[in-house]
There are 2 protein chains.
Amino acid sequence: MTSIRELAMHLQISIGTVSRALNGKPDVNPVTRERVIAAAHELGYAPNQTGRALRRGATQTIGIMIETSSAVERNGDDFFLPVVDAAQTQLARHAYDLVILPCSSSDDVCSFLSRVVGRGIVDAIILADIRRQDPRIELLSKKGIPFLTLGRSGVSSNHAWIDLDFEGFVEHSLAELVALGHRRIAITLPQSDVNLGEMLYATYQSFLTRHQLSYDPALVMRVEQNENGGSQAVAALMALDDRPTALLLSYEAIAMGVYSELREAGLVVGQDLSVIGFRHNPQLRFLSPGLTAYEIPLAALGQALADGILAVLRGEPGPTLIWPGTLHATASIGPPPKP
Amino acid sequence: MTSIRELAMHLQISIGTVSRALNGKPDVNPVTRERVIAAAHELGYAPNQTGRALRRGATQTIGIMIETSSAVERNGDDFFLPVVDAAQTQLARHAYDLVILPCSSSDDVCSFLSRVVGRGIVDAIILADIRRQDPRIELLSKKGIPFLTLGRSGVSSNHAWIDLDFEGFVEHSLAELVALGHRRIAITLPQSDVNLGEMLYATYQSFLTRHQLSYDPALVMRVEQNENGGSQAVAALMALDDRPTALLLSYEAIAMGVYSELREAGLVVGQDLSVIGFRHNPQLRFLSPGLTAYEIPLAALGQALADGILAVLRGEPGPTLIWPGTLHATASIGPPPKP
DNA sequence: CAGCGTGCCGTAAACGTTTACGGAAACAGT
DNA sequence: ACTGTTTCCGTAAACGTTTACGGCACGCTG
């Protein structure tokens, strides 16, 4: 509530000096600086960010845009908030704040984004839920807004990005399964055109050809990225004459439906069907058997995101970085059943 | 990027007229208004929110504050984002935007909040994760910021709030269980001092005395609000000489751990122990048996939150409202086992 | 025709900061 | 004593809007 003007009047000095004192500028007597700081603290003065932003052309806050629609489809996962939490503590060290910009399902992604940047409430933006052809990338490039994407896209643009190691997930998982003797391995993919789906698919195909395994399109199933997707996948598998012996899940929550349907059908996970999921989370150990999954260190990822966007803000190139994980094997995989 | 000045130069009129035309003010010729709107659209002009906010003293965006720490403890539930989604579409109808203000676990709740209001990036705030003695309420009251809490608190302050019907959950659940013949019913509560814990407890106690059921403190278990909490609760129950025959869960994800531990112990949910959870969500049907739970219509709740905060912004009293739900019974409850 | 109202528009101040610029005072060096 | 330098501080412009105010050019009325 108290403005810099009131503070200056109270101190009997000019507002310019107050501002300089508070912002650590050189041209100010150490003792007056102390007086100013003390008075500011006493009166509870905090610089109005709107005025400051208008003058500086920067708000010291960065935004991370998510689409609530896709988050709602995944009906709440534990990926996003831990990452945000870590990113925020890192940004706070550089006097930046973080806000989440949720694009509602009733809104158009691009008009939402241009509205947000038009409002000028953030200096830079982290984009999540990257599509294969994501128009937001060109939009931000054109407007000259510093940004970083959490996820690669198919568009050829040299922007900064950090992405999870989907290739590593598929590679390690398939290698593990093949070593166990599996030859027919199915995979679930998202239905929307999020880029990670494309990458999972490409790596899957590449692995099969490199290891002289035959490719069967019936083993690639595009399903909802939640428990229902598991039901859909198992239903599709059961209808096949030549069933796969293993299954890769593009999102761990799908396992709930998979386990449930398999139990219904009298099949045992890890014996009749080996299952591996992307990504490990704590509640998976309450499935029985616990799900073999790829583990991503989320806190470190959040910190990397923060450092990355700060680099972009400084005008540096910014990261282009694949964030690795590790496969945690459990009893959800085993040798294929004897025919 | 384009300012109102450029737009005015392009149209050969003054910036005052441009502003009036765009904001629907009366004193402007209809044909010039059309010209201005057309040119604004053509040049992609969007009023800079910082300048507008500075002049108007309002930003047309409202914030909803969450604590990532508690969200992380619940490791991702499907409650929050659907509510935000609905609130946002409703706010958009009144030309308001919504941002999520995540308070990181490394930050102090009050200093975070006062920093946020000091920045002046939001006109009003919705508070979630309400504590029993929540200092944020007094802070916002003192600063005169319009706010609304999603959850009641123990502090006596006549602010606007909307809360879930925790009393109804406990009342209906206990009534159902007592009708089935249960007499010893346990309940899990959160460990932190979130207010909902206190309300669940109070209603639980009140019900017991009203129905002449004996109260046993050993049946009240404060546990983590996630799968681990289920393990903790079941472990505590198993250690009792006189075990309860039913269990109320303060958060549905606890059921994961409960089911897992009971299965481990060779006990059957719905037969050896009846279980009811707060709150229904889609993935519960993949537990077997599906969890009896209290269902809350989230989209309508989000809309009510939006309407409520808008009312507060208009200076109206704002709602004080308990949001009801309905109990969906499944095979996770049944008559108590014969001794 | 004088007077008045109305419709439309330009001017300029204001919102709360930051910062380039200039200047007063103090001090040092010749 | 004069000049030059340093230290500190005040002045005012600028950021991009909105809006109160005044004024010009009409058209209308008496």
Side-chain angles (χ1 to χ4, degrees), chain A residues 1-37 39-40 43-61 95 115-123 143-144, chain B residues 1-37 39-40 43-61 95 97 115-123 143:
Chain A
M1 290 297 275
T2 57
S3 75
I4 198 175
R5 193 146 11 215
E6 305 174 48
L7 187 55
M9 295 224 333
H10 179 255
L11 285 167
Q12 304 270 48
I13 59 179
S14 80
I15 63 173
T17 307
V18 173
S19 178
R20 277 192 301 268
L22 257 23
N23 291 10
K25 299 288 172 184
D27 273 11
V28 45
N29 189 316
V31 352
T32 48
R33 188 191 301 274
E34 276 311 313
R35 275 183 60 217
V36 171
I37 293 178
L43 298 196
Y45 168 75
N48 177 304
Q49 275 308 121
T50 312
R52 168 178 285 185
L54 183 58
R55 167 65 216 221
R56 291 221 263 230
T59 63
Q60 294 281 109
T61 98
R115 205 171 67 228
V116 162
V117 308
R119 295 211 157 186
I121 68 176
V122 295
D123 296 344
K143 297 221 181 196
Chain B
M1 292 299 273
T2 58
S3 75
I4 198 174
R5 193 143 17 212
E6 304 175 50
L7 187 56
M9 295 225 334
H10 179 255
L11 285 166
Q12 302 270 46
I13 60 179
S14 79
I15 63 173
T17 308
V18 172
S19 177
R20 278 192 300 269
L22 256 24
N23 291 10
K25 300 289 171 182
D27 273 11
V28 46
N29 189 317
V31 352
T32 49
R33 188 191 301 275
E34 275 311 312
R35 275 183 59 219
V36 171
I37 293 177
L43 299 196
Y45 168 74
N48 176 304
Q49 275 309 122
T50 312
R52 166 178 286 186
L54 183 58
R55 168 65 215 222
R56 290 221 264 230
T59 63
Q60 294 282 107
T61 97
D97 258 339
R115 204 171 67 229
V116 162
V117 309
R119 295 213 157 184
I121 70 176
V122 295
D123 296 343
K143 297 221 181 195

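Chain identifiers are assigned alphabetically (A, B, ...) following the order of the sequence lines, protein sequences preceding nucleic acid strands; residue numbering begins at 1 within each chain. Treat the numbers as computed from the prediction; the structure is a model and nothing was measured.
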Once you round it to whole Å, what is the distance between [atom2] of [N] and [atom1] of [X]?
X	N	atom1	atom2	result
Arg56(A)	dA20(C)	CZ	P	12 Å
Arg5(B)	dT17(D)	CZ	C1'	9 Å
Leu43(B)	dG16(D)	CG	C1'	16 Å
Leu54(A)	dT17(C)	CG	C1'	8 Å
Asp27(B)	dG23(D)	CG	P	16 Å

Exercise for review: Kindly indicate whether the side chain of Leu43(A), heavy atoms from C-beta on, has any atom under 4.5 Å from the side chain of Glu6(A).
Suggested key: no
Check your understanding: Can you check whether Ile13(A) reaches Val36(A) side chain to side chain, under 4.5 Å on heavy atoms?
Key ->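 A side-chain contact exists here, since the closest heavy-atom pair is under 4.5 Å.
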Review point. How close do Ser14(B) and Ala8(B) get, heavy atom to heavy atom, and via which atoms?
Key: C-CB, 3.9 Å
Can a side chain N or O of [X] be found less than 4.0 Å away from OP1 or OP2 on [N]?
X	N	result
Lys25(A)	dT18(C)	no
Tyr45(A)	dG16(C)	no
Arg52(B)	dT18(D)	yes
Thr32(B)	dC9(C)	yes
Asn29(B)	dC8(C)	yes

Can you tell me if [X] uses its side chain to pair, donor with acceptor, with the backbone of [Y] under 3.5 Å?
X	Y	answer
Thr59(A)	Gln49(A)	no
Thr50(B)	Gly57(A)	no
Gln60(A)	Ala95(A)	yes

Donor-acceptor contacts under 3.5 Å from residues 19-30 of chain A side chains, at least two apart:
from     : atom 1 : to       : atom 2 : distance (Å)
Arg20(A) : NH2    : Thr17(A) : OG1    : 3.4
Asn29(A) : OD1    : Val31(A) : N      : 2.9

Check your understanding: Asn48(B) near the nucleic acid: base, sugar-phosphate alone, or nothing, with a heavy-atom cut-off under 4.0 Å?
Key -> sugar-phosphate
**Study point:** Verdict with supporting geometry, Leu7(A) and Thr2(A), side chain to side chain contact (heavy atoms under 4.5 Å, CB included)
**Key:** CA-CA 7 Å; Leu7(A) 187 55; Thr2(A) 57; over 6 Å; no
**Study point:** Leu54(A) CG to Arg52(A) CZ distance, which is reported to the nearest 0.5 Å
**Key:**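 These two atoms lie 13.0 Å from each other.
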Check your understanding: By a strict heavy-atom criterion of less than 4.0 Å, which residues belonging to residues 6-21 of chain A are in contact with DNA chain D?
Key -> Ile13(A), Ser14(A), Thr17(A), Arg20(A)
Practice item. Tell me which of Arg55(A) and Leu22(B) sits closer to the 5' end of DNA chain D, going by the nucleotide each one is nearest to. Key: Arg55(A)
Review point. What does the inter-axis angle of the helix from dC1(C)-dG30(D) to dT30(C)-dA1(D) come out as, five pairs per end, nearest 10 degrees?
Key: 60°
